[in-house]
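Proteins come first, then strands; the chains are lettered A, B, ... in the order of their sequence lines, and each starts at number 1. Quick caveat, the model's predicted, so the values are computed rather than measured.
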There are 2 protein chains.
Amino acid sequence: MTTDFCKPSRRSPRDRIVEAARDLFRRHGIRGTGVDAIADAADSNKMTLYRHFNSKDELIVECLRRAGMEMDGFWQELEDAYPGDGLGQLRAWVRRIADHLGDDKCQCEMMSAAVQLTDEDHPGRSVIRMFKDAQRDRVVELCRRAGVAHAELLCDTLLLLIEGARAAQQSSGAEGPSARFAEIADAAILSFAGSGDAFK
Amino acid sequence: MTTDFCKPSRRSPRDRIVEAARDLFRRHGIRGTGVDAIADAADSNKMTLYRHFNSKDELIVECLRRAGMEMDGFWQELEDAYPGDGLGQLRAWVRRIADHLGDDKCQCEMMSAAVQLTDEDHPGRSVIRMFKDAQRDRVVELCRRAGVAHAELLCDTLLLLIEGARAAQQSSGAEGPSARFAEIADAAILSFAGSGDAFK
DNA sequence: CGAAAATGTTACTGGTCGGTAACAGCGTTG
DNA sequence: CAACGCTGTTACCGACCAGTAACATTTTCG
């Protein structure tokens with residue numbers, strides 16, 4: 001009843017700014033994206049941007065936070081799709097990552113940001129760290145539920161393979177080592193799940 | 001006989017500029033490093049820099065090329081240390097990468113650059129691609145010499161683990177998944193080398 | 001409606017950055 | 001010595017960029 005039609009851009013300016021920033025950050029890098037370009041792409045302006053975020057760095061942090069929240073949502077989807085089935089969730093997770101590797105821009109906003117935020121004290125780095133730590137805890141738990149003997153080892157193996165696939169996609173292209181990511185990661189899961197001591 | 005003593009900085013200005021650039025690129029990122037800072041760190045000046053390189057991009061390309069050449073030298077060292085021993089070279093390679101993961105800045109200049117050079121047409125990207133392709137060929141050959149059944153698969157597994165370890169080092173720190181890289185990679189090698197069908 | 005809050009517009013600042021011009025020094029080599 | 005090539009110094013340009021001020025407009029809501 002309030003704003004349900006006739007509005008060319010119905011989401012709030014703040015929302016549009018964050019999404020525009022994430023998109024531009026992915027496409028042109030964080031340092032390569034100016035606030036003017038963000039405001040413009042958000043169909044807004046620089047002043048509104050600075051009324052919601054005291055600095056570009058604050059906006060970066062919000063982008064990272066939102067990316068983390070989207071991942072949280074995805075973990076929930078996985079739990080709903082494979083309730084209590086750790087193995088199923090692990091494999092679905094790997095499959096989904098493999099399917100999205102070529103997505104013009106992998107949603108590796110965390111990794112990409114980690115490389116670009118060279119300042120060790122950048123507030124965004126703590127967001128990345130917290131997200132990565134939480135992700136690791138979650139994956140370890142899934143590995144345990146999958147009945148894997150060396151849960152931490154499978155977890156770290158998968159995390160390394162995933163980060164590697166995203167990095168390889170950037171540097172070697174889709175035909176590089178990342179092309180076999182799904183095959184390799186799934187084999188690792190089955191290997192660990194099958195006999196507790198495979199791969200070790 | 002020409003310039004062998006008494007010079008506070010004996011390498012040529014060009015040399016110093018490239019090395020200074022590589023160092024600063026690693027520490028502060030490519031976009032975060034200005035040409036003035038490079039010239040200054042090289043104990044030279046901007047004019048000499050621009051007499052050797054027509055643009056910053058050209059300097060970036062030279063940095064990538066030199067990084068690639070250093071890797072070529074390392075492959076030769078491996079061949080000398082383990083002549084004809086593919087398995088030995090593979091394991092030494094992994095060990096060396098693991099040892100240097102924490103090196104203030106991993107020498108992942110290629111990966112780091114690939115993330116930062118968001119422009120798909122940047123001349124540096126082709127250098128990265130060529131280097132990555134050559135590296136893959138080399139590793140596949142080592143896997144074959146190691147008597148591995150699925151050489152390409154082990155090769156891509158190792159490459160993904162390595163890129164992943166470097167990326168994880170950046171985003172999750174030294175205590176993250178990269179801490180177990182050596183263990184995981186070595187297990188993968190032995191698993192493939194032992195029984196031809198492990199992990200698959 | 002009417003006031004307050006949020007948003008949009010324009011213009012500006014101070015700083016940085018990539019790149020260039022002009023000139024001066026300095027070592028080599030003939 | 002003299003000419004030349006490489007290097008260093010200073011100053012500058014135009015573009016861009018993060019952030020701000022002042023003012024106009026629209027939206028929201030009591």
Ignoring the backbone of Pro13(B), work out which of dA18(D), dT9(D), dT7(D) is nearest its side chain.
dT7(D)
Under the side-chain contact (heavy atoms from CB on, under 4.5 Å) rule, collect the residues that match up with Ala92(B), sequence neighbours excluded.
Leu78(B), Tyr82(B), Arg95(B)
Without decimals, in angstroms, what is the distance between Arg16(A) CZ and dA6(C) P?
15 Å
Using a cut-off of less than 4.0 Å, is there contact between a side-chain N or O of Ser44(B) and OP1 or OP2 of dG8(D)?
yes
Which atom names give the shortest non-hydrogen contact between Arg144(A) and Glu152(A), and what distance separates them?
NH2-OE2, 3.0 Å
Under 3.5 Å, is there an N or O donor on one side and an acceptor on the other linking the side chain of Arg51(B) and the base of dG8(D)?
yes
Compute whether any side-chain donor of one residue and acceptor of the other, for Gln89(A) and Asp85(A), lie under 3.5 angstrom apart.
no
Side chain of Thr48(B), heavy atoms from C-beta onward: which of dG8(D), dT7(C), dG18(C) has the nearest atom to it?
dG8(D)
Shortest side-chain distance from Val35(A), nucleotide among dA21(D), dT20(C), dA18(D):
dA18(D)
Interatomic distance where CG belongs to Leu49(B) and P belongs to dC6(D) [whole Å]:
16 Å
Separation of atom CZ in Arg31(A) from atom P in dC17(C), rounded to whole Å
9 Å
Within the structure, does a side-chain N or O atom of His52(A) lie under 4.0 Å from either OP1 or OP2 of dT7(C)?
yes
Rounding to an integer number of Å, can you tell me how far Met47(B) CE sits from dA21(C) C1'?
8 Å
Gap between atoms CD1 and C1', on Ile38(A) and dC16(D) respectively (whole Å):
14 Å
Whole-Å distance between dG18(C) P and His122(B) NE2?
12 Å
Arg145(B) with Glu79(B): basic N within carboxylate O range, under 4.0 Å:
yes
Mind listing the side-chain donor-acceptor pairs of residues 63-75 of chain B below 3.5 Å, one per line with the distance, residues two or more places apart or on another chain?
from: Arg66(B); atom 1: NH1; to: Asp15(B); atom 2: OD1; distance (Å): 3.2
from: Arg66(B); atom 1: NH1; to: Glu19(B); atom 2: OE2; distance (Å): 3.0
from: Arg66(B); atom 1: NH2; to: Asp15(B); atom 2: OD1; distance (Å): 3.2
from: Glu70(B); atom 1: OE1; to: Arg22(B); atom 2: NH2; distance (Å): 3.1
from: Glu70(B); atom 1: OE2; to: Arg22(B); atom 2: NH1; distance (Å): 2.9
from: Asp72(B); atom 1: OD1; to: Arg138(B); atom 2: NH2; distance (Å): 2.8

Expressed as a whole number of angstroms, how long is the span from Asp15(A):CG to dT7(C):P?
11 Å
Looking at every heavy atom in both Ser44(A) and Ile17(A), which two are closest together, and how far apart are they?
OG-CD1, 4.2 Å
Round to a whole Å and report the spacing from CG of Asp36(B) to C1' of dC12(D).
13 Å
Considering non-hydrogen atoms only, spot the tightest contact between Arg125(A) and Ala114(A) and give its length.
NH1-O, 3.0 Å
Residues of residues 53-60 of chain B with a heavy atom under 4.0 Å from any atom of DNA chain C, listed by number, are Ser55(B), Lys56(B)
